[in-house]
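Heads up, the thing below is written out as structure tokens.
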Amino acid sequence: DEFTELMRLELGNAPKESNYDNEDKFEEEMHNYKNRVMELKRNMCLQIYNTSTIFDKKHIRNEILERTKKIKQIKDQTM
């Protein structure tokens, strides 16, 4: 799917043990890969949470609504 392909482009493929003569080097590369995947997932979870709670904070909600209202007014004036 598209998400998996984007993730593969961003992170590369997981290292394969058969490509390494040194097991320690493989373990290090696997550890680094897993850390990158974990960081990507953590960032996605934070973005999803922030997006879902954005309107729970009244001052942020009002600021966004005010900005979008101004944009709409500007668009209406230019038409």
- Query: Do Glu66 and Glu63 have side-chain heavy atoms sitting under 4.5 Å apart?
  - Reply: no

Compile the donor-acceptor pairs under 3.5 Å between side chains in residues 36-50 and protein atoms, sequence neighbours left out, one pair per line.
unit_1: Arg36; atom_1: NH2; unit_2: Leu11; atom_2: O; d: 3.3
unit_1: Glu39; atom_1: OE2; unit_2: Arg42; atom_2: NH2; d: 2.9
unit_1: Asn43; atom_1: ND2; unit_2: Glu39; atom_2: O; d: 3.4
unit_1: Asn50; atom_1: ND2; unit_2: Leu46; atom_2: O; d: 3.3

Less than 3.5 Å apart, which donor and acceptor atoms pair up between the side chains of residues 16-30 and the rest of the protein, not counting sequence neighbours?
unit_1: Asn22; atom_1: OD1; unit_2: Asp24; atom_2: N; d: 2.9
unit_1: Lys25; atom_1: NZ; unit_2: Glu29; atom_2: OE2; d: 3.4

